[in-house]
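Worksheet: one structure, shown below.
For the numbers below, each heavy atom of this structure counts, side chains included, while hydrogens, waters and symmetry mates do not.
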Amino acid sequence: MSEVKNSFKPMESKPKPILIIGAGLAGLALALSLQKLSIPCTVYEARPKDVRLGGAVMLSPNALRVLDTLGAYARIKSKGYQFETLSMETDERIPMGTYYFGSEQMYGYKGLRIYRRELVHELIAMAEEAGVHMEFEKKYKRVISESEDNIEVEFDDGTIIDAAMLIGTDGIHSQVREYLAPGSKPKYLGQTAIAGAVKTSNVSLPADYKLPVSIAGKAGVFILAPQDIDGSELLAGTQYAVPELTYAESRAISSNPEKMIEMLRRDKADWSELVQSAMENMIPQSMYIWPFYAVPKIESWVSTHSKVVIIGDAAHAIPPTIGQGANQALEEALGLSILLGKGNHVGDLEKWTEHRSERIASLMEMTRKMNNNRLPKAQRDALEESQFWKPNKERPGEEMRWLYEYDVAKELHGLGL
Ligand SMILES: Cc1cc2nc3c(=O)[nH]c(=O)nc-3n(C[C@H](O)[C@H](O)[C@H](O)COP(=O)(O)OP(=O)(O)OC[C@H]3O[C@@H](n4cnc5c(N)ncnc54)[C@H](O)[C@@H]3O)c2cc1C
């Protein structure tokens with residue numbers, strides 16, 4: 001039996017808690033899971049509890065399995081739009097294949113597109129019901145000291161807390177990552193998505209048109225995806241190669257819906273009537289831009305004394321092209337909690353995070369190829385076939401099994417953890 005670094009079970013009269021920084025998807029799922037294992041933890045979130053979170057996320061079977069394990073799937077299932085596939089076609093309606101987001105028969109779950117506010121709201125409610133201690137509007141600042149037995153952490157308001165561990169689930173601009181990899185900043189990947197919502201009834205959809213769909217045209221790829229329970233509202237948008245915006249430029253554009261709609265319509269004349277009808281009817285207050293950033297691979301997600309760990313976007317934010325950021329964050333939240341429940345043996349965290357970064361590297365490669373699928377036609381034509389993501393034509397959906405059948409507990413077992 002290897003040496004145990006920490007025993008988190010509350011055997012002492014007042015055990016030190018694990019501090020979780022960030023009440024996003026990873027932080028909340030991690031807290032819920034630790035609480036189930038009777039491991040004391042506290043969640044600190046910089047934003048107010050009732051902050052308005054915009055947009056929707058696609059959850060795929062790998063993450064829905066995690067949410068099912070936590071008891072959350074049954075509570076959110078009916079709050080989003082369930083679907084299995086995304087049709088890919090040209091703007092002349094020539095089929096290009098099918099992208100599987102889920103399948104009850106193949107992977108155990110359909111895909112679920114759900115508003116982020118609904119999901120976070122439900123996870124916060126569950127954490128509260130379970131008795132998780134959470135503090136909002138409290139911002140993590142820095143690690144003061146770390147030893148084999150202890151970690152001392154400072155917050156922006158000057159509070160200093162002595163803890164068993166510090167877990168950074170503080171997103172792409174993670175401050176906890178700064179401790180592990182000083183100066184590592186997300187890198188712009190040259191593409192920015194521009195999207196928003198449109199009423200389904202305002203789009204010129206042919207009868208029996210299959211949604212969600214990605215439409216490849218001269219100017220790139222345009223996506224239309226239902227995002228509320230009854231499918232009455234669609235996500236509509238595309239991605240462009242544009243130079244990186246400064247923070248001020250990004251803020252200015254994000255607060256100007258008309259400007260974003262104008263950007264979306266940049267190549268309007270090149271699109272089919274169907275896409276043009278979506279572009280014409282965008283709901284202004286739903287518009288957003290999403291520059292694609294990735295966190296460069298950092299040497300380790302774990303500190304020398306294994307007291308600090310980062311997961312989710314903090315460790316590896318990946319671009320939205322294949323919609324896996326939230327899904328991976330949830331896989332990691334469950335994986336880390338199971339590992340900590342076993343006592344944090346020497347070397348286990350390192351072994352697990354190495355496995356996780358290999359999985360993320362595979363997703364980054366898939367993302368790179370899918371981004372090529374979405375280039376303007378002239379650029380697509382200049383690339384070799386091997387540079388595109390391709391569905392399995394003989395056995396549709398087979399190509400996604402490695403991603404969607406991932407079972408966190410089984411993977412840990414397979415790693416000997
Ligand atoms: C528009 C949009 C659409 C997306 N769609 C999808 C999708 O369809 N499918 C998918 O899988 N992914 C999607 N993603 C990506 C997904 O949202 C992220 O990958 C996911 O939210 C990562 O979860 P996280 O918990 O790691 O980080 P986050 O959700 O970013 O949470 C981090 C939290 O930490 C808090 N925080 C930050 N700094 C501090 C600090 N110093 N102290 C305290 N708290 C702090 C933040 O306020 C935040 O609440 C989308 C992202 C965007 C922007």
Side-chain angles (χ1 to χ4, degrees), residues 20-33 43 45 47 51 53-70 72-73 75-77 79-83 86 99-102 107 109-124 126-127 167-174 186 193 195 212 223 225 227-228 235 237 288 290-295 301 310-337 356-357 359-360 362-364 366-367 370 400 403-404 406-408:
I20 299 173
I21 307 300
L25 300 177
L28 291 168
L30 175 67
L32 261 175
S33 194
V43 182
E45 167 57 49
R47 295 193 282 211
V51 70
L53 296 168
V57 287
M58 305 251 201
L59 297 177
S60 49
N62 45 327
L64 294 172
R65 195 168 293 116
V66 170
L67 292 169
D68 216 356
T69 307
L70 298 178
Y73 180 58
R75 293 175 61 148
I76 59 158
K77 192 178 165 185
K79 298 192 170 174
Y81 179 82
Q82 294 192 52
F83 66 103
L86 168 102
Y99 185 93
Y100 276 78
F101 267 102
Y107 327 112
Y109 299 87
K110 291 182 177 176
L112 182 72
R113 186 157 175 83
I114 182 168
Y115 284 112
R116 186 185 299 267
R117 61 170 181 272
E118 298 272 9
L119 181 58
V120 169
H121 178 266
E122 205 55 50
L123 291 176
I124 289 179
M126 287 184 73
I167 301 177
T169 54
D170 50 343
I172 185 163
H173 301 292
S174 171
I223 308 265
Q227 59 183 2
D228 51 3
L235 161 88
Y288 63 87
W290 185 359
F292 296 180
Y293 282 89
V295 173
W301 304 0
I310 50 173
I311 59 167
D313 272 15
H316 55 63
I318 47 180
T321 322
I322 54 170
Q324 275 297 314
N327 292 289
Q328 295 306 305
L330 289 167
E331 283 183 8
E332 281 158 16
L334 182 62
L336 180 57
S337 63
R356 289 301 313 172
S357 44
R359 184 158 165 86
I360 298 300
S362 305
L363 286 167
M364 285 299 287
M366 185 174 162
T367 300
M370 187 61 93
M400 303 304 274
L403 180 54
Y404 295 158
Y406 188 92
D407 181 303
V408 173

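Inspection of the Gln328 and Arg356 side chains reveals an N or O donor paired with an N or O acceptor under 3.5 Å.
In this structure, the side chains of Leu64 and Leu330 stay at 4.5 Å or more apart for every pair of heavy atoms. Within the 4.5 Å cutoff, the side chain of Asp313 has no heavy atoms near those of the Val295 side chain. For the pair Tyr293 and Ile172, the minimum side-chain heavy-atom distance is below 4.5 Å. Inter-residue side-chain proximity for Pro319 and Met364 is flagged as met; some heavy-atom pair is nearer than 4.5 Å. Residues Phe292 and Thr321 form a side-chain contact, since some pair of their non-hydrogen atoms from C-beta on lies under 4.5 Å apart. Counting only heavy atoms from C-beta outward, the side chains of Glu332 and Ile360 approach each other to under 4.5 Å. In this structure, the side chains of His316 and Ser357 stay at 4.5 Å or more apart for every pair of heavy atoms. The side-chain heavy atoms of Leu334 and Thr69, taken from C-beta on, include a pair separated by under 4.5 Å.
Distance alone, capped at 3.5 Å, is enough to place a donor-acceptor pair between the Thr367 side chain and the Leu363 backbone. Within the 3.5 Å criterion, the main-chain N or O of Leu25 finds no donor-acceptor partner in the side chain of Arg116. A donor-acceptor distance shorter than 3.5 angstrom exists from the side chain of Thr169 to the backbone of Gly22, with no hydrogens or angles considered. At least one donor-acceptor pair closer than 3.5 Å links the side chain of Arg359 to the backbone N or O of Leu403. Side chain of Ser33 to backbone of Leu30: no donor-acceptor contact under 3.5 angstrom is found. Between the side chain of Asn327 and the backbone N or O of Met58 there is at least one donor-acceptor pair closer than 3.5 Å.
In terms of heavy atoms, Ala333 sits closest to Ala29 at CB-CB, 3.8 Å. Shortest non-hydrogen contact noted between Ile311 and Ala26 is CD1-CB, 4.3 Å. Here the shortest heavy-atom pairing between Ala23 and Glu45 reads N-OE1, 2.7 Å. Ala31 approaches Val43 most closely through the heavy-atom pair CB-CG2, 3.5 Å.
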Test side-chain contact (heavy atoms from CB on, under 4.5 Å) on Asn62 and Glu331 and set out the steps. CA-CA 7 Å; Asn62 45 327; Glu331 283 183 8; 2.8 Å; yes
Using side-chain contact (heavy atoms from CB on, under 4.5 Å), reason through Tyr115 and Lys79 one step at a time and then give a plain yes or no. CA-CA 8 Å; Tyr115 284 112; Lys79 298 192 170 174; over 6 Å; no
Can you list the steps and then say if Leu123 with Ile76 is a side-chain contact (heavy atoms from CB on, under 4.5 Å)? CA-CA 9 Å; Leu123 291 176; Ile76 59 158; over 6 Å; no
Begin from the C-alpha positions of Met400 and Tyr100 and carry the test side-chain contact (heavy atoms from CB on, under 4.5 Å) through to its verdict. CA-CA 7 Å; Met400 303 304 274; Tyr100 276 78; 4.1 Å; yes
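Distance check, rounded to the nearest 0.5 Å: CD of Glu122 to CD1 of Ile114 gives 8.0 Å. Atom-to-atom distance recorded for Tyr73:OH and Leu67:CG is 9.5 Å, nearest 0.5 angstrom.
For the pair Arg65 and Tyr109, the cation-pi criterion (under 6.0 Å, within 45° of the ring axis) is not fulfilled.
Residues Tyr99 and Phe101 place their aromatic rings such that the two centres sit under 6.0 Å apart.
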